[in-house]
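Working notes, beginning with the structure itself.
Just so you know, these numbers come straight off a predicted model, no measurement behind them. Letters A, B, ... are given to chains in the order of the sequence lines, protein chains preceding strands, and every chain is numbered from 1.
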Protein chains: 2
Amino acid sequence: MELDALDKQLVALLQEDCKKTTKQYADALQLSKTAVYERIRRLERTGVITGYVALLNKSKIKRDFTVLCHIRLVQHTKENVLRFEREILKLEEVSECFHVGGDYDYILKINVEDMKSYREFMITKLTAINNIGNTQSSFVINEVKNSPSVHI
Amino acid sequence: MELDALDKQLVALLQEDCKKTTKQYADALQLSKTAVYERIRRLERTGVITGYVALLNKSKIKRDFTVLCHIRLVQHTKENVLRFEREILKLEEVSECFHVGGDYDYILKINVEDMKSYREFMITKLTAINNIGNTQSSFVINEVKNSPSVHI
DNA sequence: TTCAAAATTAGAACAATATTCTAATTTTAA
DNA sequence: TTAAAATTAGAATATTGTTCTAATTTTGAA
């Protein structure tokens, strides 16, 4: 699917705030609300927009201790890789997990309440997973930018 | 603000999908729609919920080349740190940027179209920033998990 | 370039949902 | 134990989403 300039503007607006009324987007794009309504439906139907979610203030829910954890596996067989990823998906503390090239195999973003609960998480959940070689935890001092949206 | 069990359930639902009707959340929580409506308003007013956004399929908009870039600064004076962060905030390719402790000073998540555009980004934008010592790019082979939501 | 088919759009009509209101119930704290 | 405050349910209303029809624009083949 090809996105024209209006689609891109619309998607940018929806990435900022998806709870405005159709009329508000219509005014911003100088279109009728039907036009905007149909464009949004098409973006959803074609899979450009995958969903709509609420964003939380992590400090208000006691999850503002963030760690970027680098992991090296011992063995890199297909089986081991798939099993590791399956285990990671079960861990609710892990909000992001990327298989990467370079010095380490995986980089994870972990959100917990504090250092104490991070230690608990490491001991009882993360390093309990088989085949983990070693880990390196980078503790977040400051979130300069943390947005789920991407430029379009 | 204290969140009771119903608030937590509600927030969990809103992090999955914020576009259901009040009645749908009400049914899930076994409450009236007014009760749910007021709870959501309170979560917004007290800053637990910071906003509502659309999520995109990055491959559909040609931004599915993801790199986690590690950066070391030359000098760590307050001025240099603040200037660096100010420059990073201007770069639309950077969706996340964390100041971390450990081997490197910053870890960035960068979303572009392909390797070619990543090279272009590095040369013309990133390393154009003053005071960057060295960088290490970890190219994402697979997104195991990538969610803006946090467990509650 | 021309023209017919397909897609998109505007505006009106309608349906569904959000929002407000009142009263009842529950919770809180003295 | 009890009065004040907060929360809730259900009804009434306002707003917005959705559908419909016709007009306009875009697209692609001749």
Positive for side chain to side chain contact (heavy atoms under 4.5 Å, CB included) with A:Val140, one of A:Ile110, A:Val67, A:Thr66 | A:Thr66
Pairwise salt bridge (Lys or Arg N to Asp or Glu O under 4.0 Å) hits with a residue in residues 31-55 of chain B, at least two apart = B:Asp4-B:Arg39, B:Asp7-B:Arg39, B:Asp7-B:Arg42
So which pairs with a foot in residues 130-140 of chain A pass salt bridge (Lys or Arg N to Asp or Glu O under 4.0 Å), sequence neighbours left out?
-> none
Which two nucleotides bound the region of DNA chain D that has atoms under 4.0 Å from heavy atoms of chain B, read 5' to 3'?
-> D:dT8 to D:dG10
Got a sec, which residues hit side chain to side chain contact (heavy atoms under 4.5 Å, CB included) with A:Ser147, two or more places apart in sequence or on another chain?
-> A:Ser149
Side-chain donor-acceptor pair present, A:Asn111, B:His151, cut-off under 3.5 Å | no
Sequence neighbours excluded, which residues qualify as side chain to side chain contact (heavy atoms under 4.5 Å, CB included) partners of B:Asn146?
-> A:Glu96, A:Phe98, B:Lys58, B:Lys109, B:Glu143
Is A:Ile71 close to A:Asp105 at the side-chain level, that is, under 4.5 Å between some pair of heavy atoms?
-> no
Residues that A:Ser138 engages under side chain to side chain contact (heavy atoms under 4.5 Å, CB included), provided they are two or more places apart | A:Leu68, A:His70, A:Gln136, B:Val100, B:Ile107
What pairs of residues pass the salt bridge (Lys or Arg N to Asp or Glu O under 4.0 Å) test when at least one of them lies in residues 67-83 of chain B, not counting sequence neighbours?
-> B:Arg72-B:Asp103
Can you find a pair of side-chain heavy atoms, one from B:Leu89 and one from A:Val144, that are under 4.5 Å apart?
-> yes
Looking at residues 27-43 of chain A, who's got a heavy atom less than 4.0 Å off DNA chain D?
-> A:Lys33, A:Thr34, A:Tyr37
Can you name the side chain to side chain donor-acceptor pair (under 3.5 Å) partners of B:Thr34, sequence neighbours left out?
-> none
Would you jot down, in residue-number order, the residues of residues 44-56 of chain B having a non-hydrogen atom under 4.0 Å from DNA chain C?
-> none
Enumerate the residue pairs fulfilling salt bridge (Lys or Arg N to Asp or Glu O under 4.0 Å) with a member in residues 124-136 of chain A, sequence neighbours excluded, ordered by first and then second residue.
-> A:Glu93-A:Lys125
End axis versus end axis in the helix from C:dT1-D:dA30 to C:dA30-D:dT1, the angle rounded to 10°, five pairs used at each terminus | 60°
